[in-house]
Amino acid sequence: MLVALSAAQWVVGKALAPIADGLLEAWGATKNLSLNIEALRMELLLMKATLELAGSKQIQGQAMEELLGKLRHLAHCAEDLLDELDYFRIHDELHGMYDAADQHAKGCVHDFSLNARHTAKAVGKLVGLFASSSASSPTCDPGEVQATTQRIICCAWPHDRQRSCDDSSLAPNANQVVSGCMPKLGKLLLCSSSPHVCGDHSGQPTLSGASQRETPLGFNRVDVSERMKCIVQQLQPVRREVTKILQSCDRMTVPDISESRPITTGQSTEQKLYGRDHIMHTIIHDMTKGKYCSKDLTVLPVVGPGGIGKTTLVQYIYRNQQVQNHFQVLIWVCVSLSFNLSKLLDEIKTYIPRVEGEKVGRVEELIEQRLKSKRFLLVLDDIWEFNNGDDWKRLLLPFKASQEKGSMILLTTRFPAIANMGKTADYIELEGLESEEFRKLFLSFVFVGEPFTSDHSFLLETGDKIMEKLKGSPLAAKTVGTLLRKNLNLRHWRRVLESKEWERQTGVNDIMSALKLSYYYLPFHQRQCFSYSALFPEDYKYSSTELINLWIGLDILQACGPNQTLEDIGLSNLNDLVTYGFFKEEKANGRLRYVMHDLLHDLALHMGSHEYISLHRSNVGSVQIKPSIRHLSIIIDDDDTLSQENFKGQLRKLKTILKVKQLHSLMLFGEMDESFASILGDLFREANGLRVLRLVNMPTCVEYTLHNFSALIHLRYLCLGTKRYGREMQLPLAISKFYHLRILDLASWYGCRGLPRDLSKLAKLRRFYTPSDEIHSDIYSVGKLRLLEELKVFRLNKEREGFEAKQLEHLTELRELGMYNLENIHTKEEAAKAKLIEKNYLERLTLDWDSNRSNTEPCVEEVVLETLQPHRYLQELCIRGHGGSSCPTWLGDKLVVEALQSLQLAGVSWQCLPSLGKMWGLGKVILKHIGTMKEFVIEQSFIRLVRLELVGLGSFEKWIASQSTRHMFPLLQAMIIRDCPKLLELPFSNHIINPADQDCRIDWFPKLQELEILYCPEFLLVPRIPWTETLCSVNIRDIKLLEMFKYSRSSYYGVGLKIVGKDQLQSLDQVLAFNKLSGLEQLALVKCPPLELKHLLMLTSLKKFDVRSSDCLVGPLAGEDDVEWQHPMIQELLVVQESLGGPSGKELTELLTHLPRLSQLLIASCENITQLSVGLDVQQTTSAAASDVEQEKEDDGLLLFPAHLCDSLRQLVINRCPELVMVEVKPPSTCLLAGGGGFQALRSLQSLRIFDSPKVLSANSSFSCRCIFPSSLQVLELYGVEGMGTLEPLSNLTSLTRLKLCNCGEDLRCKGLGPLLGHLKEFIVFGSPRAFAGWDPNPRQVLQHQGEDQEEVQQLQLVSPLGSSQVHILCTDEAMGLLAAPICSLLSSSLTCLHFHLLASVPDKIERFTKEQEDALHLLASLQELEFWYFDKLQSLPAGLQKLTNLQRLQVRSCPSVRSLPKDGLPKSLQALDVQECGNEELIQQCRGLVGTIPKILLQHGN
């Protein structure tokens, strides 16, 4: 009831807003509507008074709620009508129309003619209605028509003229007109709030554009008068009846909503704690044995939304035996909503045992006496508020007096703000339970006391979907589990899922009841802010501007004072909603976003279900759409074609259910196609009352989706965006006619960006978002937008008029302004017209002179800048390209802008830069391209500096500290230095020119997070990095010692470092602080001196080590005192030599022996490594064999993999080692091999890639085993590796899923492929022109032709039975050989993607496919994707492609001779056709003819 009452009061307040300032009534007098407006205003005031009275009465019941709903509906009608009138008032004011004046200059006769025209319109409309009704209603009384027409004429006569006539008998009294005229007209004229649209009635949308005529909006005063009268007549009886009821109601007593809260105790009702064991044990350990034991008093808050399990967790901690034994006194108090300090202390006192000799006194004194020598645990459960901070401090005072260490206060609260106020330790924030634990909890509530059995498994799929919606909330699990337990059948469970039945459970311990309590705790306007946010999809990441713009569009935010903006109020509300736990802040891509828990989203939709609704695929067919719905969002969230068609069908049905005429909000999310747009256009044809409209990703023009777009005169917030890039979509000209518009968001508009020339008519526009700031410069006569808050680019004199400085004169609401092309201002008087000093709200200002201007006038520019003085509270200032010789006095000697937080100077010609010492608020300083600057003075005021950028300062040489400096940028987070060719160093203590006391302790950049030094060739001193733990990013390029230094630290990517050295770099410890790099995980060294062993061992977290273009990997590898060493963390090693030389095989072998956990190894371009041997376990050799191996190792070119790599190595890449040969070091016969020859010994290897190393397998014929690769391989890629001949050496690879063979010899054949087809998923073969030639996958047939024995045939059949292929993707340039019936028959059941890509090195002989090849292709029944690339001579595609009934994508690229598609057509299943880069116009025209039959057709590159 409270919600309904508050909502009605809010709507009445909105309805009264247009007539609050008297402007509308004054205008109404010129239209002879003043008495009508006054009558409606009076009725609304009476209604407001009635609702205020209702607020003080005890009211309840469904009937009263319906009456309040009816009042709210009528108030909405009044709001619509008065808003429409205000629209026409603004229209008249903007156009200077003569009938906006009190009396027209042409006199009374002309006024009478105006009234007569409006009357004629009404009579004509009336006659039309009678004519249409007479056909179906023969009883229509002509006398009624005549009488009604006469009354219309009476109403139309100007009231003041009637009073001036002598014959009073001919002039009815004005009051009679309002109260008694046209008693039956309400039956005949529509009481619609929609404006009348004149013009085309064909029903087709009218497109806005240069060649289109706009549809004018007509104003009919007679119709408006009758509509106002109609509303008053309907309001009066309802209001009177409500007033009568209220007279008999008792006065309301202030309810204590805390009485509805259950009182908690230290004993939990839950038999088991799920998913919180780790948190519980951590807290118990810290309290009884850990970090809290030595502290005097610790306050530890536990925070989370209602129902998340805060109380249950603390109950289990409280009852834990270890906790009971540790604390001498344990106290549990349920605080709940009312924080009453006196009552709370009294209750706490009762739990504390008396002590001998205690003195009677105040409660605080008694508690202090009793706890003075005791270690205690106090639990304050369910705190909602502190009356003030002093109450909390007073509460803590007696507990702080305890002399025992380790006392604890645990408090639970929903609100982070409460936790932050009370905590002495970081609070614990509870999230939803992990899925597995939540599943256990959920099932425990469903099957209470009974184990889950297989008999119920059929319910689990639906149960899993329900659990997903509950997002790990324990109380939600209890509520829904209890619901499901009532009936363990699928129908009941599905009904609960589809209807979200748990939202209707009202028990005190149900989830929605718990969440509603938080909701009712909010003030009404914040409830609205929260609940309307649910129009966005679930899991949406809101920006603050999106939320605030929506609230502004809905008129939720109301300014409370002259210095408060709607944005300030909105941000305050948003912060409060974060504080109360309704939103949670998140960082996404460096930007602050807000998220809402799904259950809170459900709560918001539930609480406002009478006003708004969100439709999506899963609820559109089941959700109840109430007649009172005024706000709608539609979420297109499924790419599945069938689901989308069902969704479209359900949307079509809404036409008979949804009252679109009364919609105030329409928001669309997701991708929509043209058919969606057509459906929406039909559905919302009469939605003329919209205040909020969000249409992004539009596939067509706006008018196609909303036919009545030009009639949306009530709009406050308009957000438009196009689906695709392109200039063919024009902005609708009608935008400039939305006079109530406050926010225009075109940030996602990628079509034509030309603005309507009369956009400046949007007198109420406050925010204008664009994809490019430059678009702001296109607003003609921007000075008319007096409420505009951001004008990021304003170019002076861009045209002859409309872009002068005087346009800025009245823009007093600006928060941000960018003035460009200031060289076009030539006088002080012209600059003064901008009146910057009067813009008291201005926060950000840019003053820009074009750096490419042909000439400068230093004296003029100096005067202009001096005149463009902003007000003293400016926060951010940017001055670029100023040609004057000195800075303005307001920035220099007579500093005015002392509150500056950011200062940017770029390309100025000032001989002396301003002193920044008085700007104590500076957080950002940016200096760019200032040729005169030689030194940078470090001021004491830089104590707050957060960002410093120095760019393009050609004369900058040194840093100088001012006399008073006792710091070195203590808060600086980012330092950027670029293109400063004379700068030698950073300002560190032993190098800076510091006249102050050198013994004074100064912290050097203690908070620095980002350091960038680029293109400073003389820069020598680089501090050893990282000198502070705060550093997250270091980017250094082209300085004295280093070509590049890149250091990064993030929670996602870990800690990484890459160094590219120069010849001057002698040792890595010149630039690295190894003692602070213990967390380094990735290290890449290029052209660097060797990493010393002692430094390598300091990098205890190093996982990836990348060494490139270095003659030596690591310094001497012998440990100190020859102690054996290992680096147990390195898992990935990359050794790349990009020039001649590089490490030897011996050196790399030695390093590998010390890396026991190495799992990935890459060796590239190492010409000193010529031999590779694996598989010999040296530890198992005899001493004689060992000596042989040692002798082999003396050869520096031999790389010998140590034995432990056989078990640890997972990935191996060998690249560009042209002389590398795999060799086999044979042990004596008494030695056991770890594996066969080649790579066999690497038994854990999963991926092997060999590139451009042709000789690596050249000795395979001498290996002891025919199979040269380990059976563990899953991926094998060979590029330019010769010597295999066939695929038989791969026959043991039973785990292989990807095989790629490129340029592995012209003699390569697919013999031996059969055994691989049963598990291979992807097969790629290029550069072997006869790979498939003559290959038949039927081994019986092949062997019988070759005369092999029957036993071998049977063995091969066991390995590769026909029809067992698992290959999904096959890519090759050997189309002729592949398209054979036996091969395609085998691949038919599995192959989904077939790519024919002809390499440049392969002769192109294919002009057309043979009948046999086409028939073979038709066998590939599972094919979904088919590609032909680079077939220069191919003249036609294979015939019969329509037989491939599963084909979805056909791509023909760079096939210039293909002139047409197959004559017999393409399959109906095709979703995409790509013929890019074919260049044949005949083919392109043929494909154009298929537009509309195939969803996606690509004809030219980029479309």
So does Gly1305 get a backbone contact from the side chain of Ser1328, meaning a donor-acceptor N/O pair under 3.5 Å? yes
Please check if the number of heavy atoms outside Glu1306 that lie under 6.0 Å from its CD is greater than 12. no
Nearest 0.5 angstrom please: Cys1393 SG to Leu1370 CG, how far? 10.5 Å
Atom NZ in Lys1062, atom CE in Met1044: separation rounded to 0.5 Å? 12.5 Å
Would you give the length of the straight line joining atom CD of Gln1246 to atom CD of Gln1160, rounded to the nearest 0.5 angstrom? 10.0 Å
Crowded around Arg1298 CZ? As in, over 12 foreign heavy atoms under 6.0 Å? yes
With rounding to the nearest 0.5 angstrom, report the CG to CD distance, Leu1293 to Gln1274. 11.0 Å
Can a donor-acceptor pair be found, under 3.5 Å and without considering hydrogens, that links the side chain of Ser1159 to the backbone of Gln1131? yes
If only atom types and distance count, is the side chain of Thr1149 paired as donor or acceptor with the main-chain N or O of Glu1147 below 3.5 Å? no
For Arg1037, which residues count as a side-chain hydrogen bond (donor to acceptor under 3.5 Å, both in side chains) partner, sequence neighbours excluded? none
For the OG atom of Ser1295 and the CG atom of Leu1316, what is their distance to the nearest 0.5 Å? 11.0 Å
State whether Lys1255 and Glu1219 are salt-bridged, where the test is any N-O pair (Lys NZ or Arg NE/NH1/NH2 against Asp/Glu carboxylate O) under 4.0 Å. yes
Looking only at atom types and distance, does a side-chain atom of Gln1070 sit under 3.5 Å from a main-chain N or O of Ser1067, one as donor and one as acceptor? yes
Side-chain (Ser1272) to main-chain (Arg1243) donor-acceptor, under 3.5 angstrom: yes
One thing to verify: whether Glu1288 and Lys1311 come together as a salt bridge, which I'm taking to mean a side-chain N less than 4.0 angstrom from a carboxylate O. yes
Between Ser1165 and Arg1216, do the side chains contain an N or O donor and an N or O acceptor separated by less than 3.5 Å? yes
Determine whether more than 12 heavy atoms belonging to other residues, nucleotides or ligands lie under 6.0 Å from atom CG of Asp1063. no
Judged by atom type as modelled, is there a donor-acceptor pair below 3.5 Å linking the side chain of His1319 to the main-chain atoms of Leu1296? yes
N/O donor-acceptor pair under 3.5 Å between Glu1081 side chain and Val1055 backbone: yes
With distance as the sole test, does Ser1271 use its side chain to make a donor-acceptor pair with the main-chain N or O of Asn1292 at under 3.5 Å? no
Atom pair CG/CG of Asp1106 and Leu1162 - distance to nearest 0.5 Å: 8.0 Å
Matching residue for Val1281 among Ile1214, Leu1257, Asp1252 - test: side chain to side chain contact (heavy atoms under 4.5 Å, CB included): Leu1257
Out of the candidates Phe1428, Tyr1430, Phe1326, only one should pair with Phe1396 under the ring pair (Phe, Tyr, Trp, His ring centres under 6.0 Å) rule; please name it. Phe1428
So, does Arg1049 use its side chain to make a donor-acceptor pair with the main chain of Leu1031 at under 3.5 Å? yes
Measure from the side-chain N and O atoms of Ser1253 to the backbone N and O of Phe1251, and report whether any donor-acceptor pair falls under 3.5 Å. yes
For Phe1239 and Phe1269, take the angle between the two ring planes, folded into 0 to 90°, and tell me which bin it lands in: parallel under 30, tilted 30 to 60, perpendicular over 60. parallel
Quick one: list whatever passes salt bridge (charged side-chain N to carboxylate O under 4.0 Å, His left out) with Glu1425, sequence neighbours left out. Arg1449
What do you reckon, is NZ of Lys1300 surrounded by more than 12 foreign heavy atoms closer than 6.0 Å? yes
